[in-house]
2 protein chains.
Amino acid sequence: MAEELNERSQNILEAIVEDYIASAEPVGSRAITKRHSFNLSPASVRNVMSDLEDMGFLCSPHTSAGRIPTEKGFHYYIDSLLKVRHLSKDEERKLLKSYRFQGMKMEDVMQEVGRVMSGLSNYTGLVMAPKFASTVFRQIEFIRLSHGRLLVIYVSETGLVQNKVIECPDDLSQRELEQINNYLNHELTGLNIHDVREKISSELKDERSRFDQLRRQALSLSSKALQEEADDLVYVSGTSLMLEQPEFSTPEKMKRIIQALESKKTLIDLLDRGQAAAGVQIFIGSQSQLTELEGCSLVTSTFSNQKGAIGTLGVIGPMRMSYSQVIPIVDFTAQMVSRILEREIE
Amino acid sequence: MAEELNERSQNILEAIVEDYIASAEPVGSRAITKRHSFNLSPASVRNVMSDLEDMGFLCSPHTSAGRIPTEKGFHYYIDSLLKVRHLSKDEERKLLKSYRFQGMKMEDVMQEVGRVMSGLSNYTGLVMAPKFASTVFRQIEFIRLSHGRLLVIYVSETGLVQNKVIECPDDLSQRELEQINNYLNHELTGLNIHDVREKISSELKDERSRFDQLRRQALSLSSKALQEEADDLVYVSGTSLMLEQPEFSTPEKMKRIIQALESKKTLIDLLDRGQAAAGVQIFIGSQSQLTELEGCSLVTSTFSNQKGAIGTLGVIGPMRMSYSQVIPIVDFTAQMVSRILEREIE
DNA sequence: CGTTAGCACTCTTCTTTGATGAGTGCTAAC
DNA sequence: GTTAGCACTCATCAAAGAAGAGTGCTAACG
């Protein structure tokens with residue numbers, strides 16, 4: 001990381017990475033001198049390339065091919081050479097226009113965001129809705145399904161709806177449930193889920209609860225309803241775009257990629273890591289530590305409202321993805337979704 | 001369809017179809033006499049095969065390959081030759097055990113059903129949840145999101161939860177909304193959505209509504225909430241299994257299939273057709289009229305409760321899928337899901 | 001001393017060629 | 001009606017050669 005390159009080496013590395021991003025093919029010394037005007041002969045470029053290879057920034061698939069950037073090469077490129085083009089106001093306006101969130105529920109917004117990101121970048125879009133645990137409680141409803149089976153619906157401040165089924169030994173009538181709903185909604189609205197849990201467990205210990213039948217029921221039900229994490233929601237858009245990439249053009253690689261994108265669990269783990277820090281994060285190649293996603297890179301960013309509902313969105317593509325294009329798209333989209341979440345609360 | 005084949009031709013056609021299903025490769029005259037004991041020489045079989053080809057049941061990819069069944073061949077096989085093996089009680093028990101629906105919400109049940117069908121058949125599983133319009137109303141909740149924006153949650157008798165966002169010019173307080181909720185839930189529970197719509201529109205015309213502010217609001221909101229169909233839910237499981245099929249082993253075909261399975265809309269159209277008739281339905285090859293799904297077959301069945309919530313599930317695979325295995329799986333699964341839906345209402 | 005032209009060398013890719021083998025269709029005999 | 005025999009077709013595979021791209025090294029140049 002601390003390794004220093006002189007300017008010429010940097011220029012050549014940059015040229016190689018960019019040519020490789022554009023062509024997906026090993027780039028040779030001759031091609032570089034042609035496409036970029038360094039006033040250097042291919043032979044000189046070759047010397048530099050040889051040095052860069054020794055330092056681990058490049059590698060050659062075989063003797064008589066050009067060089068391709070290694071993971072380290074991409075790293076260096078992204079950290080030191082890449083100039084991220086910000087979107088012009090005009091582009092932003094255009095982008096905003098392509099979204100139509102009017103009257104859309106949260107799930108649809110997430111899906112749509114993924115679709116548009118994918119469409120703009122021509123890579124696969126990923127969106128992970130805010131974890132329920134990170135949201136602020138808005139409303140809970142218990143609905144009787146059948147003897148001893150209750151449907152719980154909870155709604156977050158941002159309009160995210162989740163539901164689950166719980167078993168309940170007492171067969172409560174819908175009327176009783178309504179009272180419970182009222183009680184809970186009155187008590188809990190506006191707290192984040194963490195606080196809700198805490199409040200419930202402390203109240204359950206409270207002496208008074210012993211004597212108040214309704215309250216006890218309410219607390220025990222909601223405790224049950226919230227004790228297990230609901231599944232994370234992940235939206236994948238443009239899976240097939242991955243298959244258009246020349247690096248995944250063989251049947252085996254296609255299978256591997258599709259399997260990886262099929263496994264929501266893998267994706268959740270991956271996106272979770274994007275929440276570690278704010279702003280755009282980039283995971284290159286083996287950093288993801290998933291062999292299924294070998295050769296892939298992931299650009300993510302998080303979105304949230306002030307109250308902390310944190311979700312992640314991003315774009316996954318080949319390691320040689322067009323970072324200068326993708327980064328501003330992901331960045332802007334995340335900010336936009338955050339604004340939508342804010343608007344939702346108002 | 002009315003075409004008649006003598007017994008020998010039938011036997012040979014059956015043998016060819018089954019060998020082809022097993023091997024995915026053109027089957028030759030010699031191979032048949034070897035694997036099945038017809039007491040016929042390859043030459044005789046060849047004559048029959050030649051006839052079958054003339055009649056359009058078989059075709060040869062090229063002169064020196066064996067024959068493969070045409071779509072017509074598969075049709076004949078399925079309609080006249082296939083003996084569907086029913087599941088033994090023991091197998092049914094085993095199958096039932098592999099499902100764990102305890103405490104699962106409806107969405108999860110659907111997803112799980114798809115997964116298990118896919119796992120059992122080794123093909124791609126499809127499940128389409130009952131259309132909301134076919135369900136019976138259980139509960140509706142309006143929740144205020146922000147100025148003029150309401151979240152509507154509706155729950156069907158079977159525990160299916162859907163939500164959407166509607167715009168509402170009047171800024172109603174949560175308290176007013178609760179009254180509206182109460183009113184509507186009291187009035188509408190137990191009706192199917194069709195009746196609900198009718199009731200609302202007739203009441204809206206009713207003179208009395210003019211004077212009852214609350215009632216008018218309630219009706220107008222619910223009319224808005226129910227006027228547009230919510231999106232259909234489709235669950236696809238085991239996409240990558242499709243890529244294991246030798247007929248889709250080239251990159252181009254893989255792309256095509258993945259694109260087709262990615263498009264929920266295509267799948268919905270396809271599954272909708274399965275609702276035309278009860279019981280197991282089979283769509284072979286071009287019957288689906290989707291070029292993206294060329295070479296595929298679909299085996300579907302519908303599930304429902306007595307009140308009419310109708311959904312479709314099935315398995316999609318290559319035309320040469322193992323129908324004798326898949327049909328009982330799909331059939332039994334559909335029945336099982338129906339039972340679960342019944343239990344849900346109880 | 002950095003830079004460059006020249007050249008031999010390597011290795012992939014593409015095309016050609018020929019061998020192999022599976023399978024057919026026809027004919028003649030059973 | 002059935003079957004053995006045989007010529008013929010055509011895909012598949014492997015080997016071989018030609019073309020081309022790119023490198024690394026060396027020696028000369030400014």
Side-chain angles (χ1 to χ4, degrees), chain A residues 5-13 15-20 22-70 73 246-247 249-251, chain B residues 5-13 15-17 19-20 22-70 73 246-247 249-251 253:
Chain A
L5 294 180
N6 61 41
E7 201 182 325
R8 184 200 285 182
S9 303
Q10 285 195 355
N11 287 338
I12 288 178
L13 178 55
I16 292 173
V17 171
E18 282 172 4
D19 281 13
Y20 180 64
S23 72
E25 259 154 38
V27 357
S29 53
R30 193 118 189 286
I32 290 199
T33 56
K34 260 192 187 167
R35 241 187 308 272
H36 308 74
S37 42
F38 290 132
N39 291 329
L40 278 180
S41 73
S44 307
V45 173
R46 272 206 289 283
N47 288 330
V48 176
M49 283 166 85
S50 181
D51 294 348
L52 287 170
E53 179 163 4
D54 289 343
M55 284 186 274
F57 292 110
L58 300 178
C59 67
S60 25
H62 57 263
T63 11
S64 80
R67 304 280 207 314
I68 59 178
T70 59
E247 36 266 273
S249 63
T250 67
Chain B
L5 294 180
N6 62 41
E7 200 180 324
R8 184 201 285 179
S9 304
Q10 285 195 356
N11 287 338
I12 288 177
L13 179 55
I16 292 173
V17 172
D19 281 12
Y20 180 65
S23 72
E25 261 156 35
V27 357
S29 54
R30 189 117 192 288
I32 292 200
T33 56
K34 259 191 188 166
R35 239 186 311 268
H36 307 76
S37 41
F38 290 130
N39 290 330
L40 279 180
S41 75
S44 307
V45 173
R46 271 205 290 282
N47 287 330
V48 178
M49 283 167 85
S50 182
D51 293 348
L52 286 170
E53 179 163 5
D54 289 344
M55 285 188 274
F57 292 109
L58 299 178
C59 67
S60 25
H62 56 263
T63 9
S64 78
R67 304 282 206 313
I68 59 178
T70 59
E247 36 266 90
S249 62
T250 67
K253 289 180 181 156

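Any value given below was found using the heavy atoms of this structure, including those in side chains, with hydrogens, waters and symmetry copies removed. Naming convention: chains lettered A, B, ... in sequence-line order (proteins, then strands); numbering from 1 in each chain.
Evaluation of atom-type donor-acceptor distances gives a pair under 3.5 Å for the side chain of Arg46(A) against the base of dG24(D). On a pure distance criterion of 3.5 Å, no polar donor-acceptor pair joins the side chain of Thr63(A) and the base of dC11(C).
Rounded to whole angstrom, the span from the CG atom of Asn47(B) across to the C1' atom of dT24(C) amounts to 11 Å. In this structure, the CD atom of Glu7(B) is 17 Å from the C1' atom of dG1(D), given to the nearest Å. The separation between His62(B) atom NE2 and dT24(C) atom P is 10 Å, rounded to whole Å. Atom NZ in Lys34(B) sits roughly 9 Å away from atom P in dA22(C) (whole-Å rounding). Atom-to-atom, CG of Asp51(B) to C1' of dT24(C) comes out at 14 Å; the value is rounded to the nearest Å. Atom CD1 of Ile12(B) and atom C1' of dT2(D) are 12 Å apart (whole Å). Atom CE in Met49(A) sits roughly 16 Å away from atom P in dA21(D) (whole-Å rounding). Summarising the geometry, the separation between CD on Glu53(A) and P on dG24(D) is reported as 7 Å, rounded to the nearest angstrom.
Toward the 5′ end of DNA chain C lies the nearest nucleotide of Pro42(A), the other residue of the pair Pro42(A) and Gly28(B) mapping further downstream. Where Asn39(B) and Ser64(B) each meet DNA chain D at their nearest nucleotide, the meeting point lying more 5' is that of Asn39(B).
Side-chain contact check for His36(B) versus Ile12(B): every heavy-atom pair is 4.5 Å or farther apart. Side-chain contact between Leu5(A) and Phe57(A) is present, with at least one heavy-atom pair separated by less than 4.5 Å.
Considering CZ of Arg67(A) and CD1 of Ile32(A), their distance stands at 9.5 Å, rounded to 0.5 Å. To the nearest 0.5 Å, atoms CD (Glu53(B)) and SG (Cys59(B)) are separated by 7.0 Å.
The residue Arg30(B) sits apart from the nucleic acid: no heavy atom pair falls under 4.0 Å. Here Ser60(A) lies out of heavy-atom contact (under 4.0 Å) with every strand.
Each of dG24(D), dT4(C), dT3(D) was ranked by its minimum atom distance to the side chain of Ser50(A); first place goes to dG24(D). The Ser41(B) side chain lies nearest to dA4(D) when the options are dG24(D), dT12(C), dA4(D).
For the residue pair Asn6(A)/Ser9(A), the side-chain donor-acceptor check at 3.5 Å is satisfied.
In this entry dA28(C) has dT3(D) as its Watson-Crick or G-U wobble partner, both defining distances falling under 3.5 Å.
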